[in-house]
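This report concerns only the one structure given below.
It should be emphasised that the depicted structure is a prediction, and the values quoted were computed from it without experimental measurement. What you see below is based on every heavy atom in this structure, not just the backbone, and it leaves out hydrogens, waters and symmetry mates.
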Amino acid sequence: MMKKITATVLFILFCSCIYAQATGNNKNRDKQKPNPIVGTWRLIEFTNLDSTTNVWGYRYGKNPRGYFTYTKTGILNINISTDNPPKISEDSAKHHNMNLYDFIDTVSLGYFGTYTVDEKNSTVIHHVKGGSIPWYIDTDQPRQFQLNGDTLTIGDNKTWKRVLVRAD
């Protein structure tokens with residue numbers, strides 16, 4: 001009889017603990033601040049400062065194309081393209097030679113993976129899983145960010161910046 005009561009009490013305690021953890025986690029989750037960079041952001045500026053001339057350079061043109069997407073589940077997808085892509089037909093592409101570094105540096109790049117945000121240090125870390133930059137794959141790419149309303153700036157704003165506006 002004592003074993004049956006002890007087993008019943010243990011079972012009730014176990015269920016109570018599970019319930020408390022489940023409801024407690026939901027309460028904590030509800031209290032957490034939403035991730036401020038979740039969403040799709042349209043690229044409007046991609047620029048780096050030339051340290052020798054002290055002039056901002058626009059590798060993808062003054063009106064680059066692209067989107068940075070940060071999902072609420074931690075998925076990252078980045079696509080960037082020049083505002084003036086080369087005119088290459090599918091047939092001629094088979095015979096067209098282009099240096100990979102030159103292509104991703106001036107024409108187009110993309111990568112995907114997951115991300116984490118360190119709000120205390122205003123940093124987003126891109127955990128790259130694949131894309132057009134082979135040396136990024138399986139690396140972490142930390143990026144400083146500033147958020148001002150519907151404008152997200154990735155970079156230090158002193159030597160490089162990627163300016164994005166909320167698309168959704």
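- Heavy atoms from other residues, nucleotides or ligands lying under 6.0 Å from CG of Asn148 number 12 at most.
- From Glu45, atom CD reaches atom CH2 of Trp56 across 8.0 Å, with rounding to the nearest 0.5 Å.
- The OG1 atom of Thr153 sits 7.5 Å away from atom NZ of Lys161, with the distance rounded to the nearest 0.5 Å.
- A donor-acceptor pair is defined here as one N or O able to donate and one able to accept, closer than 3.5 Å; such a pair exists between the side chain of Arg59 and the backbone of Asp105.
- When all heavy atoms are compared, the tightest approach of Ile137 to Gly130 is CG1-CA, 3.8 Å.
- For Asn99 (side chain) and Phe103 (main-chain N/O), no donor-acceptor pair under 3.5 Å exists by modelled atom type.
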| said: For a side chain to side chain contact (heavy atoms under 4.5 Å, CB included) check, start with the C-alpha distance between Gln141 and Thr139, then their side-chain angles and the critical distance, and finish with the verdict. | reply: CA-CA 6 Å; Gln141 298 292 320; Thr139 67; 2.9 Å; yes
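- In this structure a side-chain-to-backbone donor-acceptor pair under 3.5 Å is missing from Ser92 to Ile88.
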| query | side chain to side chain contact (heavy atoms under 4.5 Å, CB included) between Ile154 and Leu164: does it pass, once the steps are laid out? | reply | CA-CA 8 Å; Ile154 307 272; Leu164 305 120; 3.7 Å; yes
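- Residues Thr114 and Thr116 fail the side-chain proximity criterion, which asks for heavy atoms closer than 4.5 Å.
- Contact between Arg42 and Ala167 at its shortest, heavy atoms only, is N-CB, 4.2 Å.
- Between the side chains of Asp156 and Thr159, at least one donor-acceptor pair of N or O atoms lies under 3.5 Å.
- A heavy-atom distance below 4.5 Å is not found between the side chains of Thr106 and Tyr60.
- No donor-acceptor pair under 3.5 Å is formed between the side chain of Thr82 and the backbone N or O of Pro85.
- Counting heavy-atom neighbours within 6.0 Å of Tyr67 OH, excluding the residue itself, gives a total of 12 or less.
- For the atom pair CG of Asn35 and OG1 of Thr73, the computed distance is 10.5 Å after rounding to the nearest 0.5 Å.
- The backbone N or O of Gly155 lies less than 3.5 Å from a partner atom in the side chain of Gln146, making a donor-acceptor pair.
- Thr123 places no side-chain N or O within 3.5 Å of a backbone atom of Gln144 that could act as its donor or acceptor partner.
- Note on Tyr111: it clusters hydrophobically with Val117, by side-chain heavy-atom contacts below 4.5 Å among ILVMFWY residues.
- The hydrophobic cluster containing Ile78 also contains Trp135, counting ILVMFWY residues as joined when their side-chain heavy atoms lie under 4.5 angstrom apart, directly or transitively.
- Ile44 and Trp160 fall into different hydrophobic clusters, defined by Ile, Leu, Val, Met, Phe, Trp and Tyr side-chain heavy atoms under 4.5 Å apart, directly or through other members.
- Using modelled atom types, no side-chain atom of Asn77 and backbone atom of Phe112 make a donor-acceptor pair closer than 3.5 Å.
- In the hydrophobic clustering of ILVMFWY residues, with side-chain heavy atoms under 4.5 Å counting as a link, Ile133 and Leu43 come out together.
- Side-chain contact between Ser122 and Leu147 is absent, with no heavy-atom pair separated by less than 4.5 Å.
- Judged by distance alone, the side chains of Thr52 and Asp50 do bring a donor and an acceptor atom under 3.5 Å apart.
- A chain of hydrophobic side-chain contacts below 4.5 Å, direct or via other Ile, Leu, Val, Met, Phe, Trp or Tyr residues, connects Val38 to Phe68.
- A donor-acceptor pair under 3.5 Å is absent between the side-chain atoms of Asp83 and the main chain of Pro64, judged by distance alone.
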| request: Would you sort out whether Asp138 and Val128 count as a side chain to side chain contact (heavy atoms under 4.5 Å, CB included), showing the intermediate values? | output: CA-CA 5 Å; Asp138 293 327; Val128 182; over 6 Å; no
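- Using the six-membered ring where Trp is involved, Tyr115 and Tyr70 have ring planes that are perpendicular, over 60° apart on the 30 and 60° scheme.
- Annotation: side chain of Ile37 is in contact with side chain of Val124 (closest heavy-atom distance under 4.5 Å).
- In this structure, the separation between CH2 on Trp41 and OG1 on Thr69 is 11.0 Å, given to the nearest 0.5 Å.
- A side-chain donor-acceptor contact under 3.5 Å links Arg162 and Asn48.
- The environment of CZ in Arg143 is crowded: more than 12 heavy-atom neighbours from other residues, nucleotides or ligands sit within 6.0 Å.
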